[in-house]
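Naming: A, B, ... by sequence-line order, numbering from 1 per chain. Every heavy atom of this structure was used, including side-chain atoms; hydrogens, water molecules and symmetry mates were not. Predicted, not measured: the structure shown is a model, and the values here were computed from it.
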Amino acid sequence: VATYTAVVGALCKEGKIQEVSDLISKMEKEGVVLDVVFYSSWICGYLREGMLTEAFQKHRVMTENGIKPDCVSYTILIDGFCKEGNVEKAVGFLQEMKEDGLNPNLVTYTAIMRGFCKIGKVEEAFEVFRKIEELGFRADEVTYATLIDGLCRKGNLDCVFQLLEEMEDKGINAGFVTYNTVINGLCKVGKTSQADEISKGIVADNFSYSTLIHGYIVERNIVGMLETKRRLEEAGVCVD
RNA sequence: GGAGUUGA
């Protein structure tokens, strides 16, 4: 099954989810039994394509076949529904997994948080964030970056800088994804120069530079554009 | 062998 699961993962990444059915018939002929990890990988593929109904249907088929969902399979479902902005359903799954006696973990809650951010409910996202800490999980960089991104999209930059400080206090390293999130947030509100300053204090990647250049283009700041172009060439970063 | 964060 492990081998087949790896194949499913690869097929799904290439958008060839249709071919999974053939794979399953082959497995059945060989007497290979599907397990929860196999289904998760398959469901994940449907969610990537935004096919929520199909994903949920496979989840149901799985349970009907007596295969118990686990924490990861629920989290995959929750994340998929959150990404589409269907947080109500995601929260429903969260409830369901608790009823099944499963404990949501940091990844699960981060996915929920992201769902609230996605639909612009930053207050609710913050509540989830507090709950994470209440439950004794240590919020990691991904959790912070997710919340920071949500705040950036709301234009609440004060809060963003507060969280960055909090990360530092807790010894959580803010990597380039986190900084790029902040850089993007600043560029979006027309503060590209401030974003630029931040980028000078970190190891910027092609995301950072292209975000800055885009910000300068929007601001029609030709000097900024050229200067950023010079910096990225100097840094030897390839932009795609 | 499966899950969470950033740009155009």
When rounded to the nearest 0.5 angstrom, what is the spacing between CG in A/L151 and OG1 in A/T181?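 Going from CG on A/L151 over to OG1 on A/T181, the span is 11.0 Å.
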Using modelled atom types only, decide if a donor and an acceptor are shared between the side chain of A/E141 and the backbone of A/I172 within a distance under 3.5 Å.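 No, A/E141 side chain to A/I172 backbone: no donor-acceptor pair under 3.5 Å.
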For RNA chain B, which residues in [range] have a heavy atom at a distance below 4.0 Å?
| range | answer |
| --- | --- |
| residues 174-185 of chain A | A/V177, A/N180, A/T181, A/N184 |
| residues 221-228 of chain A | none |
| residues 83-105 of chain A | A/K83, A/N105 |
| residues 23-37 of chain A | A/D35, A/V36, A/V37 |
| residues 193-214 of chain A | A/F207, A/S210, A/T211, A/H214 |

Are [X] and [Y] packed together at the side-chain level, in the sense that at least one heavy-atom pair is separated by less than 4.5 angstrom?
| X | Y | answer |
| --- | --- | --- |
| A/V182 | A/V160 | yes |
| A/K26 | A/Y4 | yes |
| A/H59 | A/P69 | yes |
| A/I202 | A/I183 | yes |

Once ring-ring contact (aromatic ring centres under 6.0 Å, His included) is applied, what residue pairs with a partner in [range] remain, sequence neighbours excluded?
| range | value |
| --- | --- |
| residues 85-104 of chain A | A/F56-A/F93, A/F81-A/F93 |
| residues 207-240 of chain A | none |
| residues 140-191 of chain A | A/F129-A/Y144 |

Identify the heavy atoms of A/L106 and A/A139 that sit nearest to each other, and give their distance.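 That would be CD1-CA, 4.2 Å.
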Should [X] and [Y] count as an ion pair when the cut-off is N to O under 4.0 Å?
| X | Y | answer |
| --- | --- | --- |
| A/E197 | A/K200 | yes |
| A/K170 | A/E166 | yes |
| A/R153 | A/D149 | yes |

Qualifying side chain to side chain donor-acceptor pair (under 3.5 Å) pairs with a residue from [range], counting only residues at least two apart or across chains:
| range | value |
| --- | --- |
| residues 217-239 of chain A | A/T192-A/E219, A/D196-A/R231, A/S199-A/R231, A/E227-A/R230, A/K229-A/E233, A/R230-A/E234 |
| residues 88-112 of chain A | A/Y74-A/E96, A/Y74-A/D100, A/T75-A/T108, A/N105-A/T108, A/T110-A/T143 |
| residues 116-128 of chain A | none |

Tell me what [X] touches on the nucleic acid: a base, only sugar-phosphate, or nothing, going by heavy atoms under 4.0 Å.
| X | answer |
| --- | --- |
| A/T146 | sugar-phosphate |
| A/S73 | base |
| A/I148 | nothing |
| A/A2 | base |

Cluster question for you: counting only ILVMFWY and a side-chain heavy-atom cut-off of under 4.5 Å, with indirect links fine, are A/V91 and A/L135 together?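 Yes, same cluster.
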What about A/L212 and A/L226, same hydrophobic cluster or not, with Ile/Leu/Val/Met/Phe/Trp/Tyr joined at side-chain heavy-atom distances under 4.5 Å?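 Different hydrophobic clusters.
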At the 4.0 Å heavy-atom cut-off to chain A, mark where contacts on RNA chain B begin and end, going 5' to 3'.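 First-to-last contact on RNA chain B, by the 4.0 Å heavy-atom rule, is B/G1 to B/A8.
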